[in-house]
Amino acid sequence: MGEKHCATGDTRASAVPHPEWVRLWSTEVSSPADMERRPIRVRSSETGEWVSMHVQLFKFELPQRPWWIYSPVPVG
């Protein structure tokens, strides 16, 4: 049987985290002030076409949290 991968980082013997997810969860995130404010391009899951998006940032002030939520928003 082939090697099994999981997106959740499951550590059971029957599953190995996929390398892309390991990179995602172990990479330090830049401060929002250090990020470029330019549109990003992603492929639509429905049409497969490229769509330009802005990245909207939600930062929690009260109660304070050590994390942010990034949300893609279509341009225009």
List in chain and number order the residues that pass side chain to side chain contact (heavy atoms under 4.5 Å, CB included) with P39, two or more places apart in sequence or in another chain; answer none if no residue qualifies.
H54, V75
Who are the side chain to side chain contact (heavy atoms under 4.5 Å, CB included) partners of S44, not counting sequence neighbours?
E46, T47, V51
A quick test of your reading: do over 12 heavy atoms of other residues, nucleotides or ligands sit less than 6.0 Å from CD of Q56?
yes
Report the residues that fulfil side chain to side chain contact (heavy atoms under 4.5 Å, CB included) with R41, sequence neighbours left out, ordered by chain and then residue number.
W50, S52
Check ring-ring contact (aromatic ring centres under 6.0 Å, His included) between W67 and all other residues, then give those that pass, not counting sequence neighbours.
F60
Shortest non-hydrogen separation from P72 to M53 and the atoms involved:
CB-SD, 3.4 Å
